[in-house]
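Every chain is numbered from 1, with letters handed out A, B, ... down the list of sequences.
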Amino acid sequence: MKSDLVTRFAPSPTGALHPGNARTALFSFLFARAGNGRFLLRIEDTDQAREGAGDAAAQMADLDWLGIAWDAGPDRDDGKGPYRQSERGAIYREHYHRLEQLGHAYPCFCSATELDIARRTQLASGQPPRYPGTCRGLDATARAARLASGRRPALRFRVPESGNIEFDDLVRGPQSIAAASLGDFLIRRADGGTVFFFCNVLDDALMGVTHVLRGDDHLSNTPRQLLLLQALGLPRPVYGHLPLLLDPDGLPQSKRRNSVTVAQLREEGFLADAVSNYLLRLGHHGAPDRWIDRDGLAAVFRADHLGRAPAKFDRTQLEHWQREAVLRLAPEAAADWLAPIFPDGWPRVERVKAAELLRGNLLLPDDARDWLAVLTGELPALTAEDRAQVAEAGAGFFEAAQDVFAETGPALAPLAERLKASTGRKGAALYRPLRIALTGRHDGPELAALLAAIPAPLVRERLANAAQIRAD
RNA sequence: GCUCCCAUCGUCUAGAGGCCUAGGACACAGCCCUCUCAAGGCUGGUACGAGGGUUCGAAUCCCUCUGGGAGCGCCA
């Protein structure tokens with residue numbers, strides 16, 4: 001059963017998607033899903049100058065990767081689009097006209113320098129920088145005169161001189177601000193370009209958005225947008241302002257500071273569901289401590305469980321969820337996950353087998369590189385300590401191992417049994433030298449599985465090598 | 001400069017006056033399990049930014065300060 005709930009994510013395609021935006025998108029998406037509503041994606045590409053080629057497509061790919069699916073968007077119109085603001089010029093023009101007709105907006109002829117001077121003056125005298133109202137009272141003749149002199153006006157919204165603007169924020173609670181503290185703000189640039197305050201809120205209303213989850217940085221802008229809706233006679237959505245997501249050092253994420261992007265995490269090999277499980281718990285509480293499947297995410301999301309304090313991006317916690325995610329990967333998916341580090345010619349079956357063998361000891365695909373050498377290549381030189389352990393077991397031990405291996409093959413149980421009988425060794429004294437000789441390291445999957453996975457010639461070679469090792 | 005927002009273990013968080021000698025998770029340390037690592041089990045240390053109030057009682061309410069952030073753009 002569909003409800004009337006409609007949420008959206010409205011990124012501007014300037015650069016890559018950061019975890020903070022991804023979280024906002026995820027929350028909005030889950031919010032809609034949890035309420036049987038719809039989730040919209042709108043691209044706010046009104047600033048062509050700042051837009052990088054392919055940024056929108058890249059961000060959409062990131063969202064898609066995370067499993068954030070939009071019911072309507074640039075590539076999926078539902079009749080209320082277009083979902084790119086660059087294609088909505090006619091709609092904006094129509095509403096500019098209405099605002100002007102209604103007396104809620106007026107042309108402003110002030111130049112950038114004039115405004116700058118006013119701003120500086122106000123700042124210098126301890127006043128908040130606000131539009132001084134120069135063009136507010138211009139009559140028809142004055143306007144005509146300016147137009148005639150060739151000046152192209154911008155359009156400004158006429159903010160009421162008194163009264164309070166009130167709204168109840170989903171996460172911040174009741175808000176109230178005096179209209180008088182707001183200056184008349186711009187809604188259309190002199191070149192005809194639209195301005196965020198305007199197109200953003202207008203599109204939300206026109207697209208039927210009922211609940212807006214967005215960054216904290218918009219909280220103090222909300223009253224302006226509410227004024228706009230009121231002037232236009234459009235319904236207002238419920239707002240929920242999410243605290244910022246900070247870098248590990250506590251500073252806001254930014255391109256300049258090289259904050260991690262979603263694309264980077266993906267390239268490193270982090271799994272989408274690990275990222276989701278992590279983001280779900282940043283600034284949102286109430287989810288159980290255990291792993292949640294992609295399909296179960298929406299069921300634990302609660303809009304009334306959103307936090308107010310900013311959170312720091314913490315790789316260690318992401319890694320915890322990554323470990324959980326890797327453990328839960330289906331065999332085929334695990335092989336795909338490791339694809340970047342497998343040799344090109346490797347057959348599918350081998351890949352799946354290797355992935356199954358190693359995944360318990362991997363956090364990222366890169367971690368598998370050394371293990372690949374264990375399975376197919378040359379072992380790195382042993383440390384002095386490891387040499388000592390191998391030497392302690394003795395040449396006889398490894399000679400016996402070679403003999404037994406020749407008979408029993410790659411099954412550990414009979415091999416261990418026979419070695420135990422012939423050398424008297426057991427437990428760690430038996431297994432550890434074998435592990436070191438065969439893998440060159442102390443950690444890793446079960447020895448039985450390793451023995452079965454390492455090609456027999458390599459096993460023979462390594463056992464023979466171990467028999468040659470003497471303590472330093 | 002002005003306005004607004006935020007503040008609990010290293011990190012994510014629970015906490016809406018007594019249930020808090022502050023709970024959980026991650027991380028860390030120790031032990032158990034075990035051929036190793038991981039997983040799992042058990043145990044442990046670590047936090048209410050500071051100062052004033054209000055109250056019988058404050059992490060929770062009020063004020064001040066401190067620290068952080070945002071907005072005030074012909075950026076979004």
Please check this pair: side chain of H95(A) against backbone of I91(A), looking for a donor-acceptor N/O pair closer than 3.5 Å.
yes
Quick check, are the ring centers of F198(A) and Y96(A) under 6.0 angstrom apart?
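Yes, the ring centres sit under 6.0 Å apart.
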To the nearest angstrom, the CG-P distance between L280(A) and rA25(B) comes to 17 Å
Using a 4.0 Å cut-off on protein heavy atoms (strictly under), produce a 5'-to-3' string for nucleotides 71-76 of chain B with B for base contact, S for backbone-only sugar-phosphate contact, and - for none.
SBSBBB
Within the structure shown, what part of the strands sits under 4.0 Å from G286(A) by heavy-atom distance: base, sugar-phosphate, or nothing?
nothing
How long is the line joining CG of L279(A) and P of rC26(B), in whole Å?
18 Å
Quick one: side-chain hydrogen bond (donor to acceptor under 3.5 Å, both in side chains) partners of D169(A), sequence neighbours excluded?
H241(A)
Check: protein-nucleotides 45-50 of chain B nitrogen or oxygen pairs below 3.5 Å:
none

Would you call R143(A) and E100(A) a salt bridge, taking side-chain N to carboxylate O under 4.0 Å as the test?
no
Check for me whether the distance between the ring centres of H218(A) and F196(A) falls short of 6.0 Å.
yes
For residues F185(A) and L228(A), determine if any side-chain heavy atom of one lies less than 4.5 Å from a side-chain heavy atom of the other.
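Touching, per the 4.5 Å side-chain cut-off.
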Between E114(A) and S111(A), is there a donor-acceptor pair closer than 3.5 Å when you use the side chain of the first and the backbone of the second?
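Such a contact is found between E114(A) side chain and S111(A) backbone.
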Do you know which of L375(A), D367(A), V326(A) makes side chain to side chain contact (heavy atoms under 4.5 Å, CB included) with L358(A)?
L375(A)
Name the residue closer to the 5' end of RNA chain B, choosing between I177(A) and Q317(A) according to the nucleotide with the nearest heavy atom.
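The residue whose closest nucleotide sits nearer the 5' end is I177(A).
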What interatomic distance, in whole Å, is found between C1' of rA70(B) and the corresponding atom of rU11(B)?
23 Å
Does the pair D216(A)/R172(A) count as a salt bridge with the N-to-O cut at 4.0 Å?
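A salt bridge links D216(A) with R172(A).
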Taking only the P atom of each, what is the distance from rA27(B) to rG69(B) in whole angstrom?
29 Å
With rounding to whole Å, what would you report as the distance between rU8(B) and rA14(B) at their C1' atoms?
10 Å
Atom C1', compared across rG17(B) and rA76(B): separation rounded to whole Å
43 Å
With both distances kept under 3.5 Å, what pairs with rG40(B), Watson-Crick or G-U wobble?
rC32(B)
Is any side-chain heavy atom of F109(A) closer than 4.5 Å to a side-chain heavy atom of L138(A)?
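Touching, per the 4.5 Å side-chain cut-off.
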Provide, to the nearest angstrom, the distance between the CG atom belonging to D169(A) and the C1' atom belonging to rC4(B).
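About 12 Å, once rounded to whole Å.
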E319(A) CD to rU11(B) P, straight-line distance once rounded to whole Å:
17 Å
Is the shortest side-chain N to carboxylate O distance from D443(A) to R441(A) below 4.0 Å?
yes
Nucleotide by nucleotide, 5' to 3', does protein get under 4.0 Å of the base (B), only the sugar-phosphate (S), or neither (-) in nucleotides 29-41 of chain B, counting heavy atoms?
------BBBSS--
With sequence neighbours excluded, give me every ring-ring contact (aromatic ring centres under 6.0 Å, His included) pair touching residues 417-453 of chain A.
none
Tell me which nucleotide, if any, is Watson-Crick or G-U wobble paired with rG17(B) when both distances must be under 3.5 Å.
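Checking every strand shown, rG17(B) finds no partner, since no pair has both distances under 3.5 Å.
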Can you tell me how far C1' of rA25(B) sits from CG of L282(A), to the nearest Å?
13 Å
Interatomic distance, Q122(A) CD vs rU3(B) C1' [rounded to whole Å]
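The distance from CD of Q122(A) to C1' of rU3(B) comes to 14 Å, rounded to the nearest Å.
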Please report the distance, rounded to the nearest Å, between CH2 in W321(A) and C1' in rU11(B).
14 Å
Mind checking R172(A) for me? I need base, sugar-phosphate or nothing, with any heavy atom below 4.0 Å counting as a touch.
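R172(A): backbone/sugar contact only, no base atoms under 4.0 Å.
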Paired with rC61(B) by Watson-Crick or G-U wobble geometry, both distances under 3.5 Å: which nucleotide is it?
rG53(B)
Are R156(A) and Y131(A) in a cation-pi contact, defined as NZ or CZ under 6.0 Å from the six-membered ring centre and within 45° of the axis?
yes
For D249(A) and rG68(B), give me the distance from atom CG to atom P, rounded to whole Å.
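Rounding to the nearest Å, CG of D249(A) and P of rG68(B) are 13 Å apart.
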Determine the Euclidean distance between corresponding P atoms of rC26(B) and rC42(B); express it in Å to zero decimal places.
11 Å
Expected output is a numbered-order residue list: members of residues 305-316 of chain A with a heavy atom under 4.0 Å from any atom of RNA chain B. What is it?
R308(A), A309(A), P310(A), A311(A), K312(A), D314(A), T316(A)
Using both distances under 3.5 Å as the test, list the Watson-Crick or G-U wobble partner of rC26(B), or none.
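Base partner found: rG10(B).
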For the pair R323(A) and E319(A), find out whether any cationic side-chain nitrogen is under 4.0 Å from an anionic carboxylate oxygen.
no
F9(A) ring center within less than 6.0 Å of F39(A) ring center
no
Does rA70(B) pair with anything, Watson-Crick or G-U wobble, both distances under 3.5 Å, and if so, with which nucleotide?
rU3(B)
Pairwise side-chain contact, V300(A) with I292(A), heavy-atom cut-off 4.5 Å (strictly under):
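A side-chain contact exists here, since the closest heavy-atom pair is under 4.5 Å.
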When you compare rC9(B) with rA25(B), how far apart are their C1' atoms, in angstrom units rounded to a whole number?
12 Å
